Amino acid sequence: MIVFFSFVERQIGTNNLHTMNQNLLLLFGMAALGGGCTSSAPKEAKPEKPNIIFIMTDDHSYQTLSAYDNRFIQTPGLDRLANEGVTFTNSFVANSICAPSRAVMLTGKHSHANGQRDNSDTFDGNQQTFPKLLQQAGYQTALIGKWHLRSNPTGFDHWNILPGQGSYYNPDFIDANGRQHYEGYVTDIITDFSTDWLDKRDKEKPFCLLVHHKAVHRVWMPSVENLTAFKDQQFPIPETFYDDYEGRTAAAEQEMSIIEDMDLVYDLKMLDKEGEIKTKYRKAYENGEYARMTDEQRKAWDAVYDPIIADFKAADLKGKELAEWKYNRYMQDYLASVKSLDDNVGRLLKYLDDNGLAENTLVVYTSDQGFYMGEHGWFDKRFMYEESFRTPLLMRFPKGYDAHGEIDQLVQNIDYAPTFLDLAGVPVPADIQGKSILPLVEDGKSAEWRDALYYHYYEYPGEHAVKRHYGVRTDRYKLIHFYNDIDEWELYDLKNDPAEMNNLYGQAEYKELAAGLKAKLKELQQQYQDPILN
Ligand code: SGN
Ligand code: CA
C-alpha cells in the first residue's frame, strides 16, 4: 500500500510539534478508516540510481527549524525540504556528540561497533562505510565541510574538510593536496565548494555529496550580513530554565549551564576594549575566532557588538537578570547563525532546480545531534534527554516516491547508511545495524518497524562533565542508566512529563514498567552486541 501523505496541509508559520502530532493523529486516523489515503495517480518511474545530497549541520536543534517548531525562527529554506518531502517527527541519534555521530552515520552501526565512542577516538577509515559501498556501485562521492574524525576521509573521490572544528571566519580547509586558507564565512564557502564540485563532476555518473556544515557549533558566530538579524529580540525563558535537578544526580553535576558555564566573552562576545570583563576564556576568543577576521569584517562586527558591550557594562546585571540576559544573547547569535544555514540550504536547492537535478536527487537534512536552547538551563548536548537525543531529519525524495508529510516511527542515525544503499539499489550488508527507512515511506503505518531505540554516550570524564550513560526509549517511556563513577537509573513517562523533570525510577507503582524496560534494554544490548554487558 502506498500511503499518500500530501493531503496533510502544512501550516508553515503556525506549525509546531504539538500541532504536528494532531496532524499525525488525523492522518493515521483517516488511513485507518481507509479515507482516501491511497494514491491513485499514476506514478512516475523511480530513478534507478538517484543522486544523494546529504546535508548535515552541527548542533542544529529541532527547536530552531520552523518545520518542527516556529517559536524562535522562520527557516524557509529548510521548510521547503519539509514541504516537498518528509519530516521525521521522531528522529534520534545513537550517541549525542559530533565525531561518534558522524561515525554512526557513515557505518550504520552503533558507537561500540564502529569504534568511535567519543571525540578523542580516531575513526578507523579501513572499515565499511556507505560512501565506499556507493563508490563501488558506480557513484561519484564527495565530502565537503566538517569531518572531525581525525583520520583522513576514505571512500570519497573528492574531499575538502575543515581541520577539527573549523572556523567561522576565513576558515582553513584540508584536501588531498594539503591545507589552504579561504576568505569568507564558512557556511557560504561550504555551499560554494559544493556547487563547484557539482559543476565539475562527471555528469555521466550518479553522485553522493556530503555537505557537512560547521554551523551552528559553539561559539555561534553570525555572518557579517546577519549580525543584526536577531540583535534586539527577546525570547521567552524556557519553563525548565531554573531546573533544580531534583532526583537527577547526573543532570545536577554537568558543566553546561548558561548561568554557570557560559563565558561572557568567549561565548557571548563581550570583548570590551577596556579589558574590564575578565573571564576564563577571554583570550581564547580574542586570539581565536575574533583574531581571524579581516579588518573590514572586524569593523562590521565591532559596529554591532560594541554598543551591546557598552549597554551590558552600564546595566551591571546580577542574578536572574544576568542569567536571562545571557540566555537572550546566546539565542540571538545562535539564531543568526541558523539563518545563514537556512539561506544556504535554500541556495543549494535552487542550484538543483536550475541544473535539472531536483527530480532525481534525494536531499537529506539532519544535524549531528540536537541542542539545548536553555531547557534545563543548558546549552550543549550529550544527554539522552529529548532536546539532545532528538535531531532534525528531513528528506526530499526523488520522483516516483509519494513521500510527503510526516513519519512518526522511531528512526535513528544508524538508519541513514542502509537507507542510502537501499535507495541506490545496493544490497545492505548484514552487519549494518540500522534499517532502511524506505518501507516507512512506501508502506506507511503498515511497515514492520522497531518499537524501541538504544542509546549509549561515553565521553566522560570530558568537557561539560556529562556522565556516561546508556538507555532505551519507546514511543512513551525512557529508561536511562548513568554508570562509571555513578550508578543511577532514571525513568520518564514522556506523555505526562515531556520535559523529563520527574524521575519515576524507584517508585513502587513503576516497578513493573522499569523491569519491562530493563528487559528491553538488555535485549537491545544483546541485539547490537554492546560489550557493556560483558
Ligand atoms: C568543543 C566545544 C564544546 C563541545 C565540544 C563537542 N568547546 O570542544 O562546547 O561540547 O566541542 O562538540 S569549544 O570551546 O571548543 O567551543 S561536537 O559537536 O564537536 O561534538
Ligand atoms: Ca555537534
Side-chain angles (χ1 to χ4, degrees), residues 55-65 91-106 111 116-123 145-150 161-169 171 186-187 190 210 212-221 254-258 260-269 271 279-292 330 333-334 337-338 341 365-374 378-385 387-393 413 456-467:
I55 309 170
M56 179 162 60
T57 47
D58 198 347
D59 295 359
H60 186 194
S61 60
Y62 59 87
Q63 302 95 303
T64 56
L65 198 171
S91 151
F92 297 85
V93 296
N95 181 358
S96 182
I97 185 149
C98 180
S101 258
R102 286 157 208 270
V104 163
M105 291 183 223
L106 288 166
S111 304
Q116 187 82 34
R117 287 180 170 79
D118 63 34
N119 277 344
S120 68
D121 287 324
T122 299
F123 184 66
K146 189 172 174 186
W147 173 245
H148 205 202
L149 288 172
R150 291 174 189 263
I161 57 171
L162 296 164
Q165 295 284 5
S167 302
Y168 277 102
Y169 276 84
V186 71
T187 311
I190 289 172
L210 277 54
H212 285 188
H213 285 287
K214 173 198 169 52
V216 268
H217 193 273
R218 191 181 184 190
V219 290
W220 322 294
M221 291 185 78
Q254 49 54 48
E255 293 169 4
M256 49 191 248
S257 146
I258 291 177
E260 303 286 336
D261 306 302
M262 191 173 264
D263 192 280
L264 280 173
V265 181
Y266 182 68
D267 290 308
L268 301 178
K269 333 295 187 314
L271 183 72
T279 65
K280 194 169 169 191
Y281 298 113
R282 181 182 169 107
K283 282 270 171 274
Y285 171 69
E286 191 170 17
N287 301 333
E289 284 281 1
Y290 185 74
R292 293 191 73 89
Y330 160 52
D333 283 351
Y334 184 99
S337 310
V338 170
L341 270 181
Y365 182 85
T366 191
S367 171
D368 63 342
Q369 13 62 208
F371 213 68
Y372 293 92
M373 311 309 311
W378 296 338
F379 64 104
D380 215 64
K381 53 261 178 176
R382 299 161 191 266
F383 279 107
M384 197 193 168
Y385 302 133
E387 291 81 2
S388 46
F389 184 24
R390 283 180 180 271
T391 199
L393 180 63
N413 52 359
H456 196 159
Y457 170 82
Y458 303 80
E459 194 173 288
Y460 184 88
E463 202 176 358
H464 301 298
V466 174
K467 310 269 188 199

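First listed ligand is number 1; within each ligand, the first listed atom is number 1. The model shown is predicted, which means the values in this text are computed figures rather than measured ones.
- Residue Tyr266 forms a ring pair (Phe, Tyr, Trp, His ring centres under 6.0 Å) with just one option from Tyr290, Tyr285, Tyr281, Trp220, and that option is Tyr281.
- Side chain of Ser101 to main chain of Ser96: no donor-acceptor pair is present (N/O by atom type, distance under 3.5 Å, no hydrogens or angles).
- Ligand-side atoms of ligand 1 in range of His148: 19 (O), range being under 4.0 angstrom from any heavy atom.
- Closest to atom 7 (N) of ligand 1 among all protein heavy atoms lies Glu463 OE2, 2.9 Å.
- Residue Asp59 places a heavy atom under 4.0 Å from ligand 1.
- Figure legend: cation-pi geometry between Arg292 and Tyr169 absent, as NZ or CZ is not positioned both under 6.0 Å from the six-membered ring centre and within 45° of its axis.
- Protein heavy atom in closest approach to atom 6 (C) of ligand 1: Asn119 ND2, 3.5 Å.
- A salt bridge links Lys146 with Asp58: the distance from a Lys NZ or Arg NE/NH1/NH2 to an Asp or Glu carboxylate oxygen falls below 4.0 Å.
- Cation-pi check for Lys381 over Tyr372 is not met; the charged atom does not lie both under 6.0 angstrom from the ring centroid and within 45 degrees of its normal.
- The protein heavy atom nearest to atom 18 (O) of ligand 1 is Lys381 NZ, 3.0 Å.
- Taking the six-membered ring wherever Trp is involved, the centroid distance between the rings of Tyr365 and His213 does not fall below 6.0 Å.
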Practice item. Show the numbers, then the answer: is there a ring-ring contact (aromatic ring centres under 6.0 Å, His included) between Phe371 and His217? Key: CA-CA 10 Å; Phe371 213 68; His217 193 273; 7.8 Å; no
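- For Gln369, the nearest N, O or S atom to the Ca ion (ligand 2) falls under 3.0 Å.
- Contact check on Arg218 versus Asp59 returns no salt bridge, with no Lys/Arg side-chain nitrogen under 4.0 Å from an Asp/Glu carboxylate oxygen.
- Assignment of Tyr266 to the shell around ligand 1 is supported, since a heavy atom sits closer than 4.0 Å.
- Heavy-atom separations between Lys146 and ligand 1 include at least one value shorter than 4.0 Å.
- Restricting Asp59 to its N/O/S atoms, the shortest distance to the Ca ion (ligand 2) is reached by OD1.
- Distance alone, capped at 3.5 Å, is enough to place a donor-acceptor pair between the Arg150 side chain and the Asn119 backbone.
- In this structure, Asp368 contributes its side chain and Met56 its backbone to no donor-acceptor pair below 3.5 Å.
- Regarding atom 9 (O) of ligand 1, its nearest protein heavy-atom neighbour is His464 NE2, 2.7 Å.
- Closest to atom 19 (O) of ligand 1 among all protein heavy atoms lies Gln165 NE2, 2.8 Å.
- Under a 3.5 Å cut-off, the side chain of Lys269 and the backbone N or O of Asp267 do form a donor-acceptor pair.
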Exercise for review: Let me see the working for Arg382 and Glu463 under side chain to side chain contact (heavy atoms under 4.5 Å, CB included), right down to the final yes or no.
Suggested key: CA-CA 10 Å; Arg382 299 161 191 266; Glu463 202 176 358; 4.2 Å; yes
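- The shortest N or O to N or O distance between Cys98 and ligand 1 is below 3.5 Å.
- Listed by atom number, the atoms of ligand 1 under 4.0 Å from Asp368 heavy atoms are 18 (O).
- Of all the heavy atoms of Val219, none lies under 4.0 Å from any atom of ligand 1, so neither backbone nor side chain is involved.
- Close contacts of ligand 1 with Ile97, meaning ligand atoms under 4.0 Å from a residue heavy atom, involve 20 (O).
- Proximity to Arg382 (heavy-atom distance under 4.0 Å) selects the following atoms of ligand 1: 4 (C), 5 (C), 6 (C), 10 (O).
- Close approach of ligand 1 to Asp380 (heavy-atom distance below 4.0 Å) involves ligand atoms 4 (C), 9 (O), 10 (O).
- Each of the atoms 18 (O) of ligand 1 lies under 4.0 Å from some heavy atom of Gln369.
- At the Ca ion (ligand 2), the angle from OD2 in Asp368 to OD1 in Asp58 is 80° when rounded to 10°.
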